[in-house]
Structure formats: C-alpha cells, structure tokens
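The structure appears right after this line, and notes come after that.
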Amino acid sequence: MEILKNFSLKKLNTFGLSVDGKYFAHVASMDDLLETKDFIAENNCRFMVLGGGSNVLFLNDYDGLIISNGLKGVEILKEDEEHIIVKAMGGENWDGFVSWCVKHNLAGLENLSLIPGSVGASPIQNIGAYGVEMKDHFVELEAFHWETGKIQTWVYNDCKFGYRDSIFKNELKGKVMILSVTFRLDKKPVFKTEYGAILEEIQRMGIKKLSIGAIRDAVIYIRKSKLPDPEVIGNAGSFFKNPVISEGQFQSLKKAYPKIVSHQIQDGNHKLAAGWLIDQAGWKGNRLGNAGVHKKQALVLVNHGNATGKEIILLATKIEESVKEMFGVDLEREVNIIT
Ligand code: FAD
Ligand code: EPU
C-alpha cells in the first residue's frame with residue numbers, strides 16, 4: 001500500500017473544502033491496516049479515519065495521516081424464519097448497502113435511504129432519519145483498536161447509542177477504526193410511515209401497495225426536495241442537533257412562541273426543531289462571505305464556493321449566539337470539527 005503525501009481532500013469532504021492531508025492511506029485489507037499502524041508509530045503522527053467525509057468540517061490542512069476506509073463486502077451470516085443477519089464492511093457506501101437490502105427484500109433500513117457516507121461511520125453518530133435509527137437494527141460491530149492492535153467486538157449494550165450519539169463519538173473517539181457492522185433485518189417488514197409525510201408522498205406517487213421499495217422511493221424523493229446535494233453545493237447535512245429541553249423550559253418558550261416546532265420525547269422532555277429556531281432568528285438563506293445557510297433548510301450550512309472551514313465555523317458561532325439570545329437555547333454541533 002502506498003502512503004501518499006500532500007493529498008487533496010477536496011473531493012473527499014462533502015463541504016468541498018480545499019484542504020490537504022499531509023499523508024494519505026487507502027486501507028483495503030487487514031495487511032494495509034497493519035502497515036498503517038506501523039507508519040503511524042514510525043512517523044509519530046496524528047491520524048484519523050475518513051469514510052465519505054459527509055460529517056466533517058476541516059478547519060485547516062490536516063497535518064497527519066488520513067486513513068480512507070476501503071474495506072468492502074457484504075455477507076449473510078445466518079437466518080431464521082423472521083430475520084436475516086447481515087455483516088457489511090465499513091468501507092461500503094451506506095446507501096449502496098440500503099439499496100442492496102431493499103433489492104433482497106430485507107426490511108428495516110429503508111427509511112435511512114440516501115444518507116451519505118459509509119457503513120463504518122453509521123454507528124458513530126447512530127445515523128437516523130424518518131423515524132428510524134441505525135441502532136434499531138444493529139447487532140454488533142468489529143473495530144480495530146489503534147493502541148492494542150487488536151480487533152474487538154462491540155455489542156449493542158456496549159455502544160451507548162443515543163440521538164446522534166454513541167461511545168465512538170465520545171470515550172472511543174479516534175481510538176478505534178470500525179471495520180464492519182452487523183445488522184438484523186426483517187423478512188416480514190414493519191412499515192414505518194408515520195414520520196415526515198412518507199404516506200402522503202407514497203399516495204402522491206400513485207403507489208397502491210406499500211412496500212419497502214415504495215418507502216425507499218418516497219424517502220429519496222422527500223430528501224432530494226429538502227436537502228442540498230453536496231455534488232451541487234457543499235454541505236454536511238444538519239450542522240446542529242435538534243436540542244432537547246425540559247418540560248419547564250418548553251412551556252415558557254411555548255408561551256412566548258406559540259408556533260414553536262417540537263415533539264415530546266421520553267422523560268417528558270421536548271426535542272425542538274433547530275431548523276425552525278435558526279429560521280426564526282432570520283438566518284435562512286443568509287450568507288457570511290462564502291459560507292451560508294441553505295435557503296430551504298436552515299439547519300444546513302453550505303459552502304457557496306470557496307469557503308474555508310473557519311468561515312463556516314464563524315457563521316455557526318453567530319447562529320449559536322443569536323439562537324441563544326432569542327430563545328435561551330444552546331445549539332450543539334452535529335458535524336465533527338477537525339482542527
Ligand atoms: P465521515 O464524515 O467520513 O466521518 C465522520 C466521523 O466519523 C469522523 O470523526 C471520522 O473520523 C469518523 N469515522 C468515519 N468512519 C470511521 C470508522 N470506520 N471508524 C472510526 N471512525 C470513523 N446523518 C444522519 O444521521 N441522518 C441524516 O438524515 C443525514 N443526512 C445527511 C444529508 C446530507 C446531504 C449530508 C451531507 C450528510 C447527512 N448526514 C446525515 C450526516 C452523514 O451522512 C452521517 O453522519 C454519516 O454517517 C457520515 O458518514 P461518513 O462515512 O461520511 O463519515
Ligand atoms: N423547519 C423550519 N425551517 C427550516 C427548517 C425546518 O421551520 O428552515 C421546521 C419545519 O417545521 C419542519 C421541522 O423544522 O417541519 C423539521 O424539519 P425537517 O423535517 O427537515 O427535519 P430536521 O429536524 O430539520 C432531522 C434530522 C435530519 C433528518 C430529518 C428527517 C437532525 C439534526 N436532523 O432534520 O438528519 O434527515 O430530521 O428525519 O436530527 C443530519 O443529521 O445530517 C440530517 C440531515
């Protein structure tokens with residue numbers, strides 16, 4: 001495996017930022033991975049794994065080793081009457097894997113259609129959309145621990161999955177490379193259509209019989225109509241998480257802003273639509289230099305052309321300040337900031 005130098009990451013981050021990695025390795029096998037570990041030790045350099053680059057914001061050139069995950073393969077491990085257990089390698093494209101599941105009539109992940117990125121990154125923030133989270137079908141994952149050089153298995157209870165969260169985004173951040181993820185998929189589908197006008201879309205498309213394929217098509221259509229395509233305008237999806245607040249704080253906000261968009265979650269807490277807060281604070285469609293707020297979805301920050309990571313962070317900080325000032329709510333960043 002060749003380790004490249006001063007490698008452009010422009011096409012490898014969906015913000016489309018013009019940054020370079022000092023070193024770059026495309027890891028396509030276990031041998032490559034071990035070579036990479038040796039390189040890190042010999043050069044005493046920092047390193048990070050990169051999947052599809054759809055949830056990262058580089059503030060500078062990266063002065064270490066970028067490890068691109070090229071581990072491929074999908075394998076059926078076992079099945080019974082109701083379920084099928086499938087292992088996908090971390091370098092597989094997430095939506096390619098979802099498409100494979102739908103084609104093989106394996107249900108569960110169809111609501112997560114068209115989310116960019118890799119299978120290996122899917123547990124990091126427990127990706128979610130349209131009423132489903134990755135954790136709902138997660139069995140276990142295998143990861144390479146950089147310090148010990150061992151491959152370990154993490155089962156569901158080890159992973160501390162939460163809303164856009166897991167142990168891999170916290171205690172284990174940067175400590176492991178996720179090699180594969182194993183999912184439990186349903187032979188008899190349980191359709192999840194209550195969220196985000198999926199049913200409406202299916203009716204509009206003239207589809208008479210509900211199927212996982214129809215749900216996939218509807219989700220793809222809705223996503224394309226709302227979210228900017230990174231091929232056209234650089235972005236990393238939602239820049240912030242939807243904030244969770246207490247019942248008390250919610251009631252006082254509701255009094256001041258009767259139209260506030262939210263839904264109740266466990267423990268009586270409320271999840272607010274951050275897009276609505278940012279929109280109300282007047283940011284939708286605005287720009288600051290080359291960084292901007294998307295015109296259709298205020299939760300998505302965009303690169304209008306030659307933005308730098310620092311320009312995007314400046315915009316994010318100003319948005320955080322105005323939402324805090326107007327609503328008293330702290331926004332938490334979803335995107336991984338790489339300094
Ligand atoms: P990267 O951006 O490459 O990496 C993200 C982080 O994970 C980095 O810190 C990286 O070091 C680490 N990492 C990556 N792979 C590994 C690995 N194998 N082992 C260890 N660490 C690793 N997310 C949602 O949850 N729901 C959505 O609906 C959604 N919609 C989006 C829409 C758009 C248009 C875009 C651009 C993004 C969207 N996202 C969404 C965010 C993004 O798609 C997900 O977070 C995705 O899982 C990131 O995958 P990636 O391979 O691109 O990760
Ligand atoms: N809204 C506005 N103005 C805006 C944007 C949104 O008023 O500019 C309001 C609308 O009322 C809308 C509500 O906010 O009904 C929610 O918006 P939307 O349905 O677009 O979803 P979201 O909460 O903004 C979340 C996820 C997305 C995921 C969708 C669908 C987070 C941080 N974001 O967005 O995930 O695709 O729901 O499930 O939870 C991502 O994580 O990168 C991502 C795109």
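Every number for a ligand or one of its atoms is a count from 1 in the order of the listing. This chain uses plain numbering: 1 for the first residue, then up along the sequence.
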**Study point:** G237: numbered ligand 2 atoms lying under 4.0 Å from its heavy atoms
**Key:** 42 (O)

Check your understanding: Where is the nearest protein heavy atom to atom 38 (O) of ligand 2: which residue, which atom, and how far?
Key -> Y130 N, 2.8 Å

**Study point:** Residue, atom name and distance, where the atom is the protein heavy atom closest to atom 11 (O) of ligand 2
**Key:** V261 CG2, 3.7 Å

Check your understanding: Angle class for the H270/F250 ring planes (parallel below 30°, perpendicular above 60°, tilted otherwise)?
Key -> parallel

Point to revise | Considering all heavy atoms, the nearest K169-K173 contact | key: O-CD, 3.7 Å

Point to revise | Nearest non-hydrogen partners of A25 and T36, listed with the distance | key: CB-OG1, 4.3 Å

Study note, to complete from the structure: ligand 2 to A298, heavy atom cutoff 4.0 Å, flagged ligand atoms 4 (C), 5 (C), 8 (O)

Check your understanding: Looking at atom 14 (O) of ligand 2, is any protein heavy atom nearer than 4.0 Å to it?
Key -> yes

Review point. Got an N/O contact under 3.5 Å between K241 and ligand 2?
Key: no

Check your understanding: Can you name the nearest heavy-atom pair linking L299 to A274, along with the distance?
Key -> CD1-CB, 3.5 Å

Point to revise | Member of Y23, F39, Y62, W146 meeting the ring pair (Phe, Tyr, Trp, His ring centres under 6.0 Å) criterion with F47 | key: W146

**Study point:** Residue selection (non-hydrogen contact nearest atom 3 (N) of ligand 2) among L272, L277, N242, D279
**Key:** D279

Check your understanding: Parallel under 30°, tilted from 30 to 60°, perpendicular over 60°: which one fits the rings of W94 and F183?
Key -> perpendicular

Check your understanding: Nearest heavy atom to atom 36 (O) of ligand 2: which of R223, E133, Q297, R164 does it belong to?
Key -> R223

Exercise for review: Start with the C-alpha gap between E140 and T182, add the side-chain angles, then the distance that decides, and say whether side-chain hydrogen bond (donor to acceptor under 3.5 Å, both in side chains) holds.
Suggested key: CA-CA 5 Å; E140 63 183 32; T182 300; 4.6 Å; no

Exercise for review: Tell me the residues surrounding ligand 1, counting only those with a heavy atom closer than 4.0 angstrom, sorted by chain and number.
Suggested key: T14, M48, V49, L50, G51, G52, G53, S54, N55, V56, N69, I115, P116, G117, S118, G120, A121, I124, Q125, I127, G128, A129, R164, V176, M177, I178, R223, P228, P230, N235, A236, G237, N336

Revision key, fill the gap. Scanning both residues in full, the closest heavy-atom pair of N235 with L301 reads CB-O, 3.4 Å

Review point. For the residue pair F161 and F138, does the interplanar ring angle fall in the parallel (under 30°), tilted (30 to 60°) or perpendicular (over 60°) class?
Key: perpendicular

Check your understanding: Who gets closest to atom 31 (C) of ligand 2 by heavy atom: F240, Y163, W283, Y195?
Key -> Y163

**Study point:** Exercise check, heavy-atom protein proximity under 4.0 Å to atom 29 (C) of ligand 2
**Key:** no

Point to revise | Exercise: identify the closest heavy-atom pair between N303 and G16 | key: ND2-O, 3.6 Å

Review point. Does an N or O anywhere in K284 fall below 3.5 Å from an N or O of ligand 2?
Key: yes

Practice item. Let me see the working for K284 and D279 under salt bridge (Lys or Arg N to Asp or Glu O under 4.0 Å), right down to the final yes or no. Key: CA-CA 5 Å; K284 196 165 173 171; D279 192 351; 3.3 Å; yes

Review point. R46 and D63: salt bridge (Lys or Arg N to Asp or Glu O under 4.0 Å), yes or no, with the steps?
Key: CA-CA 7 Å; R46 68 197 285 236; D63 61 350; 2.8 Å; yes

Review point. Quick check: does any side chain N or O of N126 sit under 3.5 Å from a backbone N or O of S166, one acting as donor and the other as acceptor?
Key: no

Exercise for review: Find all atoms of ligand 2 within a distance of less than 4.0 Å from any non-hydrogen atom belonging to K226, and give their numbers and elements.
Suggested key: 18 (P), 19 (O), 20 (O)

Check your understanding: Quick one: does H294 get a heavy atom under 4.0 Å from ligand 2?
Key -> no

Check your understanding: Any side-chain hydrogen bond (donor to acceptor under 3.5 Å, both in side chains) pairs touching residues 207-219, not counting sequence neighbours?
Key -> D95-R216, S113-R216

Check your understanding: Which residue and non-hydrogen atom of the protein lie closest to atom 43 (C) of ligand 2, and at what distance in Å?
Key -> S238 OG, 3.1 Å

Check your understanding: Under 4.0 Å from any heavy atom of A129, which atoms of ligand 2 are there?
Key -> 36 (O), 38 (O)

**Study point:** Face-on cation placement of R184 at Y156 ring, 6.0 Å and 45° thresholds
**Key:** no

Check your understanding: Tell me: protein heavy atom nearest atom 41 (O) of ligand 2, and distance?
Key -> E334 OE1, 2.8 Å

Practice item. Between A273 and ligand 2, find which residue part has any heavy-atom pair under 4.0 Å and reply side chain, backbone, both or neither. Key: side chain

Review point. What protein heavy atom sits nearest atom 1 (N) of ligand 2, and how far off is it?
Key: W276 N, 3.7 Å

